Amino acid sequence: MGQCDRCPGCASEHNNLCTTVPFVFGPGMRCDGTTRFRDAQGNPLHDLVAVSSFSQYTVVDVTQVVRIDPAVPPKLACLLSCGASTGVGAAWRVAKVEPGSSVAIFGLGSVGLAVAQGAKMCGASKIIGVDMNPDKEEVGKSFGVTHFVNPSQLGSSSVTEEIGKLTGGGADYSFECIGVSSVMIDAFTSTKPGKGKTIILGLEKNNEPISLPCLDLLSGKCVMGSYFGGLKPKTDVPVLAQKCINKELELDGLVTHEVGLQEINKAFDLLLQGKSLRCIIWMGK
């Protein structure tokens with residue numbers, strides 16, 4: 001994400017999409033679509049979403065550079081560039097979770113666990129984690145999850161029914177952190193009638209549509225999407241960094257493995273096997 005502080009998007013309190021340097025998934029510098037990298041033969045090399053995460057040196061647009069307190073260790077700072085900040089920001093900036101409210105989180109990966117931390121920071125009293133992996137129950141507790149629901153162990157009951165029982169009719173806020181259209185629907189139907197707010201953080205890889213009951217929408221429920229947790233990078237990332245220093249946010253537990261660049265394939269294997277939340281790749285290790 002970029003932040004130029006000049007365009008209507010950056011000036012708005014309700015939008016974090018910079019229009020001067022728009023977010024795109026394709027390769028190339030945001031300002032002109034070109035690349036600053038070449039291989040040994042002089043052929044162009046394209047970056048990863050204008051960042052180049054697996055290179056020792058990189059060139060990014062000035063709107064994407066955020067200065068943070070040097071007291072923040074790199075091990076923690078790298079979490080704030082994506083993932084952790086997306087989850088925390090979704091609870092803090094997008095949903096604006098209120099003290100004493102109930103929250104349901106579908107998917108307890110690193111983004112979902114960061115949502116739990118954000119909801120806890122905002123004062124939510126009931127944070128329900130939903131995941132098919134039974135190991136996530138104990139992991140979730142360390143991030144603020146108060147109740148755990150495993151859809152594969154509910155028998156004839158549905159996730160929506162179970163969350164309804166735990167919350168007295170539905171969660172105030174629901175977060176989908178997986179990227180599956182059917183789960184997005186479950187997240188929506190699990191919120192409270194008349195006021196439930198569903199935030200979609202997962203990226204549906206097939207861009208599948210979702211179908212929602214019209215009466216639920218008319219009654220006041222709503223669905224919101226979010227890039228980067230609604231955060232403005234230059235404004236909000238330093239704030240989150242300070243909250244980490246002050247221990248208002250405890251994200252260290254997201255780092256489950258650390259490897260050198262030569263072991264990058266091991267990092268991906270751990271991710272695919274569901275054994276890793278965040279694996280830090282150290283360039284000089």
Side-chain angles (χ1 to χ4, degrees), residues 13-14 16 84-131 136-137 140-151 154 157-202 210-231 236 240 243 248-250:
E13 293 182 9
H14 310 290
N16 71 330
S85 46
T86 298
V88 173
W92 175 43
R93 286 299 195 202
V94 180
K96 295 180 171 57
V97 171
E98 296 179 343
S101 60
S102 58
V103 170
I105 305 166
F106 289 74
L108 293 181
S110 57
V111 174
L113 292 171
V115 170
Q117 272 284 289
K120 180 181 177 182
M121 180 184 78
C122 293
S125 61
K126 190 169 289 185
I127 303 174
I128 304 165
V130 181
D131 203 290
K136 292 298 179 72
E137 182 171 8
K141 287 180 181 178
S142 64
F143 284 86
V145 173
T146 59
H147 298 74
F148 182 76
V149 175
N150 186 333
L154 295 180
S157 181
S158 68
V159 173
T160 297
E161 290 170 339
E162 193 66 21
I163 291 176
K165 293 174 187 175
L166 290 170
T167 57
D172 296 308
Y173 307 93
S174 184
F175 298 83
E176 200 278 349
C177 308
I178 301 172
V180 177
S181 57
S182 61
V183 180
M184 294 176 186
I185 296 171
D186 285 341
F188 177 80
T189 57
S190 297
T191 57
K192 199 178 295 294
K195 60 172 290 188
K197 187 180 289 187
T198 302
I199 293 82
I200 306 297
L201 298 175
I210 60 175
S211 177
L212 303 174
C214 295
L215 286 178
D216 283 356
L217 293 169
L218 285 173
S219 72
K221 283 189 177 187
C222 71
V223 181
M224 306 174 70
S226 170
Y227 268 138
F228 196 50
L231 300 178
D236 294 324
L240 293 184
K243 287 182 181 295
E248 295 175 62
L249 276 176
E250 298 185 25

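Note that the numbering runs from 1 along the sequence shown for the chain. Every heavy atom of this structure was used, including side-chain atoms; hydrogens, water molecules and symmetry mates were not. Just so you know, these numbers come straight off a predicted model, no measurement behind them.
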Point to revise | Minimum heavy-atom distance Ala95-Phe175, with the two atoms named | key: CB-CZ, 3.7 Å
Review point. Would you call Leu231 and Leu240 a side-chain contact if the rule is heavy atoms closer than 4.5 Å?
Key: yes
**Study point:** Closest non-hydrogen atom pair between Met184 and Gly202, with its separation
**Key:** CE-O, 3.7 Å
Exercise for review: Check the pair Val94 / Leu201 against side chain to side chain contact (heavy atoms under 4.5 Å, CB included), numbers first and verdict last.
Suggested key: CA-CA 11 Å; Val94 180; Leu201 298 175; over 6 Å; no
**Study point:** Heavy-atom closest pair, residues Ser85 and Phe228
**Key:** OG-CE1, 3.1 Å
Check your understanding: Just checking, Lys221 and Phe188: is the charged tip under 6.0 Å from the six-membered ring centre and within 45° of the axis?
Key -> yes
Check your understanding: Which atom pair, heavy atoms only, marks the closest approach of Lys165 to Ser157?
Key -> NZ-OG, 4.1 Å
Study note, to complete from the structure: Here the side-chain hydrogen bond (donor to acceptor under 3.5 Å, both in side chains) pairs for residues 96-105, sequence neighbours left out, are Ser102-Asp172
Check your understanding: Could you state the interatomic distance from OG1 (Thr189) to CG (Leu212), rounded to the nearest 0.5 Å?
Key -> 9.0 Å
Review point. Are any non-hydrogen side-chain atoms of Ser182 and Val180 less than 4.5 angstrom apart?
Key: yes
Check your understanding: Quick one: CD1 on Ile200 to OG on Ser181, what's the gap to the nearest 0.5 Å?
Key -> 10.0 Å
Point to revise | Donor-acceptor contact present, side-chain Lys126 to main-chain Thr167, <3.5 Å | key: no
Exercise for review: With sequence neighbours left out, write down each residue that passes side chain to side chain contact (heavy atoms under 4.5 Å, CB included) with Ala187, or none if nothing qualifies.
Suggested key: Phe106, Ser174, Glu176, Thr198
Review point. Which heavy atom in Phe148 sits nearest to a heavy atom in Asp131, and how many Å separate them?
Key: CZ-O, 3.5 Å
Point to revise | Atom pair CD/NE2 of Glu137 and His147 - distance to nearest 0.5 Å | key: 11.0 Å
Point to revise | Set of residues satisfying side-chain hydrogen bond (donor to acceptor under 3.5 Å, both in side chains) with respect to Ser190, sequence neighbours excluded | key: Thr160
Point to revise | Separation between CZ of Arg93 and SG of Cys122, rounded to the nearest 0.5 Å | key: 9.5 Å
Point to revise | Any Val149 side-chain heavy atom under 4.5 Å of Leu166 side chain | key: yes
Point to revise | Residues that Glu161 engages under salt bridge (charged side-chain N to carboxylate O under 4.0 Å, His left out), provided they are two or more places apart | key: none
Practice item. Of all the heavy-atom pairs spanning Ile178 and Val183, show the shortest one and how long it is. Key: CD1-CG1, 4.0 Å
Revision key, fill the gap. So CD1 of Ile105 and CD1 of Ile199: to nearest 0.5 Å the spacing works out to 10.5 Å
Side-chain donor-acceptor distances from residues 108-117 under 3.5 Å, at least two apart:
{"residue": "Ser110", "atom": "OG", "partner": "Arg278", "partner atom": "NH1", "Å": "3.0"}
{"residue": "Ser110", "atom": "OG", "partner": "Arg278", "partner atom": "NH2", "Å": "3.4"}
{"residue": "Gln117", "atom": "OE1", "partner": "Glu250", "partner atom": "N", "Å": "2.7"}
{"residue": "Gln117", "atom": "NE2", "partner": "Phe143", "partner atom": "O", "Å": "3.2"}

Check your understanding: What do you reckon, is CG of Leu218 surrounded by more than 12 foreign heavy atoms closer than 6.0 Å?
Key -> yes
Review point. Side chain of Thr146, backbone of Ile127: donor and acceptor closer than 3.5 Å?
Key: yes
Review point. Who passes side-chain hydrogen bond (donor to acceptor under 3.5 Å, both in side chains) against Lys243, sequence neighbours left out?
Key: Glu248
Review point. What distance separates Asp216 CG from Thr191 OG1, expressed to the nearest 0.5 Å?
Key: 7.5 Å
